[in-house]
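What follows is one structure encoded as structure tokens, with my remarks underneath.
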Amino acid sequence: MIEPTRMSAVELINQMSAGHLSAEEVTRAYIDRIDRLDRSVKSFLLFDPESALTVARSIDQKRRNGEHLGPLAGVPIALKDNLCTPGLPTTCGSRMLQNFRPPYEATVIRKLREADAVFIGKTNMDEFAMGSSTENSAYGATCNPWDLERIPGGSSGGSAASVAADFAPLSIGSDTGGSIRQPAALCGIVGLKPTYGRVSRYGLIAFASSLDQIGPFAHDLADTSLLLQVISGHDPHDATSVDSPVPDYLATLEKPPERLRIGLVREFFSEGLDPEIEAAVREAVRLYVGAGATVKDVSLPHSKYGTAAYYIVAPAECSSNLARYDGTIFGHRAADWSPRTPEEAEIPPLIRMMMASRAEGFGAEVKRRIMLGTFALSAGYADQYYNQALKVRRLIRNDFDAAFADVDVLIGPTTPTAAFKLGEKAADPLAMYLSDIYTITTNLAGIPGLSIPCGLTKSGLPIGLQLMAPAFAEENLLRTARVFERQTDWHTRRPSLA
Amino acid sequence: MDYTIIIGLEIHVQLQTESKMFSASGTAFGLPPNTQTDPVSLGLPGTLPVMNRKAFDLALKTAMALGATISRFTKWDRKNYYYPDLPKNYQISQYDLPFSLGGSLDIPAQKEGSGGGQCRLTRVHLEEDTGKLTHGVGGWSEVDLNRAGIPLLEIVSEPDIRNAADARACLEELRLTLIYLGVSDCEMQEGSLRCDANVNLHIQKDGKTIATPIVEIKNLNSFRSVERALEYEAERQYAKWQKDGLTIKDAFKETRGWSDPEGITKPQRQKETAADYRYFPEPDLVPVVVDDAWLDRVRATIGELPGPRRKRFETEFGLTPYDANVLVEQGQDVADYFETLAKTAGDAKLASNWIQQDVMRILSERKLKLAEFPIKIEVLGDLLRRVHIKALSTHQGREVLAKLLESDESLEQIIEAGGYGVISDRNALSKVIEEMIAANPKAMEDLKGGKKKPDAVKGFLRGQVMKATGGKADPSLVGDLLDERLANVQD
Amino acid sequence: MSLTRDDVTKVAFLARLQLEPHELDTFTGQLNSIMDFVAQLQEPDTADIEPLAHGVEIHNVFREDRAVPSLTREAALSNAPKRNQESFLVPVVLD
Ligand SMILES: [Mg+2]
Ligand SMILES: [Zn+2]
């Protein structure tokens, strides 16, 4: 039998239900691997082997008792640390929430618990999910398992790295502008941002509410389908979660798509795209053509404004979402808020307390976006920036609607480059923002986007292929991606970790 | 002093729901601090609001009753400002597309007939309440979030009110309307009805109108303080203008707080810059689209409002405006009680008097609610009917009422046992009159000799007749018979 | 668009962020380059375009008016930076 940590979730489930492996054995295998190797990857903020083993044993007991078991019974899963886990630290990668223990449970966490998944730990992330490299974590950066000197992508870098390094077969991330797909691409795994409203956001610590969506990471599409199935569905606690039935994604995955009409997004092949990545994507297109697809060039003319619109809308919402961290009800409070200048002495102590607490609790990128958003919404500027960005957002959505009139799935690269070096873009926020240039528009439009491994660069870094579909067309999106996956072995490649 | 006071009101009303506006924690008043919360109303990271359907229905009902135009599309916005009683540091409110625009309220005239008229409304919108801050306990303020998230209706009036008494009357009429609608208990002491007033003066000088700077008065915790604060503020603004001559163009709107014990308004801390609330659409909530069927459903729940009911009490029941108002402003249960009692008794005026004089007195003496009044309304109606048809005198009626309250006996039993009744047989009463005249010869002598006035003698003899009949003689008939009898004597 | 240090100071106060002098310089520079970048939003013709504020365009999502038991006070106050027996405590607020 192969090592459990090299199995997919589906294989693990088969092995466990056949009695060849216990949940405890599986969990212990992953724990051992994490113990050995996460020192160098640093994907976990919270790693709690004892409680994972306790849950695993209780699942084994349930199985022995013949009790009903959930669809993820005994499967270890890593959770991004912006999901509220009751009684457990939930830091959002921020000093602000270093001691925060939510007294309630995120809906996705509840669904996973009810599916009998085993929570192996909580993963590192860019602070408040703002970033594309996981370097913005208050607790240090996570490294890319394919090259420890490189970033794993972000903001769900810890979740992506943990699956890439086989610390868990599955993990959960969140994607506001590419935070699942970009790290999935850079870590050589599958990452899916579902349609906005497909997965409940209740208990996901908000970054930008109209863009945030929780989604799965896995090595392959079968595991992705299985995990998506478990976390999807309407939630009465989230007014933006849509009440439409959840298909059995795994059951239909192997059925070839009824139609294979693919659109190649012209704007995603512009300057700035690494030639190696372009070549890998074009190779994927040839493979689709070989599989009988009709491939058409399509244009999303307003997608070039995507990054600009995003960097108004997301900061505007974040400036409001993060206003609650003021040292009053929860979160960090500065120890000292005495005035340091005569001007500060004019400010009431309460306000000084809030200002000092926020200054200490937030990192630079969070402050930058809060200020950007505050400015974009402020009197005299809201029309020019915030409202204009919302109009451009509509134009971007209209582009997708027009494109999907003729094609079923759009494809292109997930990222313009492979994983860059740690620290390489840290000093230039704008350069960092541009690494999400191909993923941002799907968040603005609310549609699903998927990244699957489609190659390796000459220096051995993973390349991601992005596929996008109309709202709530995840089933077809996964089946279309499966056409590629079935004919390639990129999803079976693993980094060599000492 | 030639000026007009210009007053507009901004009223916040807590809606009577079981759960909060956007979450499922309760809405009770007066619980120990922080024992009525949930993750959403604490503003905890990751929580999301979901709209309470009943709150929206109650809001629609109120706005429709006030004659407002209901928007067919309405959305939620965030109003961003940092304050410790606002855990998210934004209030979910409505900005550019409130669910209701316009409408009006009829202000009843004062008792002496002055004032009154119509106050137009600018808008009514829905929002969430804040928590409560207790200031200054050993260098710290306490934050209690029990109230945070209770549904709040904000009603903004046009500056149509021209004197302090009308402002009070307007607020009282709004309160009565909301109570009739059953949308709020409107307890000002408990904060479920709160009022701020915007006030300035239009001063006539040399044929020109000069407007003084607008002042927003906060901390108005009773109807009386609304009236007192506005009276005070008008005088203060006039005196201030006489001194500094500042007009609306020279100053920002000022916020002042009313101090009830001192009877003055005081400046509140001024913000160094105008507030910048950075409103934007609440991304966690979706818009509301209202259709005809929904409006019809809500409209059907609106009963008769105080204004129309007063009118009907005057026209249908023949009450004076004063009596109609007293009954209506006691609330729906009293007005309903009156209608039933008036019909059973067959005498509206009598029913009105007995409710105002007897029922209300008994309720307040015994600290009871109307529903707990110990005598069934049919029994009281029967009693009043007997008074109305003169089977009992008013005096007897009150005695019977007192006995009804004390004993378990039925009305019939009490009347029978007490031998209550009215003698209205002319012959029988004439006979008693003759007996009394015979028994009191001095009375007739005094009358004949002119020693006493006829009225005095008549009064004396009537007393004797009443006494002789055990109070049962029909007093007006005795009066008529004595008039006839004594007229002959004088001739 | 050019944001001055003063503008950034005002925005930082509005956002309740205390900035060190060196941060103010860095942020002023960075915010300006971002604002220059987003200036391209003015290019497309949006005259008849409705703003799109939501990720999904649905409406009329309600919950029924039912209350559930409160969090315990201990749970409610469990993350408070400072508290007493019954309340959250903040530096004194005077009106
Ligand atoms: Mg606050
Ligand atoms: Zn308000």
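Side chains included, hydrogens not; waters and symmetry mates left out as well; all remaining heavy atoms used. Numbers restart at 1 for each chain; the letters A, B, ... are given by sequence-line order, proteins then strands.
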Exercise for the section: List for me each residue that meets side chain to side chain contact (heavy atoms under 4.5 Å, CB included) alongside A/Ala376, sequence neighbours excluded, and say none if there are none. Expected result: A/Ile312, A/Tyr385
Practice task
Could you tell me whether the side chains of A/Arg201 and A/Tyr196 share a donor-acceptor contact shorter than 3.5 Å?
Solution key: yes
Problem - Contact class of C/Gln30 relative to chain A, heavy atoms under 4.5 angstrom - result: side chain
Exercise for the section: Say whether A/Thr176 and A/Asp212, considering side chains only, have a donor N or O and an acceptor N or O under 3.5 Å apart. Expected result: yes
Handout entry: Interface moiety of C/Gln42 toward chain A, non-hydrogen atoms closer than 4.5 Å
Key = both
Exercise for the section: Under 4.5 Å, heavy atom to heavy atom: which of residues 56-66 of chain C reach chain A? Give them by number, or say none. Expected result: C/Val56, C/Glu57, C/Ile58, C/Val61
Practice task
Using side chain to side chain contact (heavy atoms under 4.5 Å, CB included) as the criterion, list what pairs up with A/Ala314, not counting sequence neighbours.
Solution key: A/Phe207, A/Ala208, A/Leu211, A/Tyr310
Fill in the blank from the handout: Max heavy-atom pairs within cutoff under 4.5 Å with chain C, candidates A/Asp428, A/Leu372, A/Val313, A/Ile370, goes to A/Leu372
Completion exercise
So, the part of C/Leu17 with a heavy atom under 4.5 Å from chain A: the answer is both
Handout entry: Side chain / backbone / both / neither for C/Leu77 at chain A, heavy atoms under 4.5 Å
Key = neither
Problem - Short side-chain donor-acceptor distance under 3.5 Å, A/Asp238 and A/Thr240 - result: yes
Handout entry: Heavy-atom contact with chain A under 4.5 Å, split by part of C/Asp48
Key = neither
Practice task
Answer with yes or no whether the side chains of A/Gln213 and A/Ser174 bring together a donor and an acceptor at under 3.5 Å.
Solution key: no
Problem - With A/Tyr305 via ring pair (Phe, Tyr, Trp, His ring centres under 6.0 Å) - residues at least two apart - result: none
Exercise for the section: For C/Asp36 and C/Ser33, test the side chains for any donor-to-acceptor distance below 3.5 angstrom and give the result as yes or no. Expected result: no
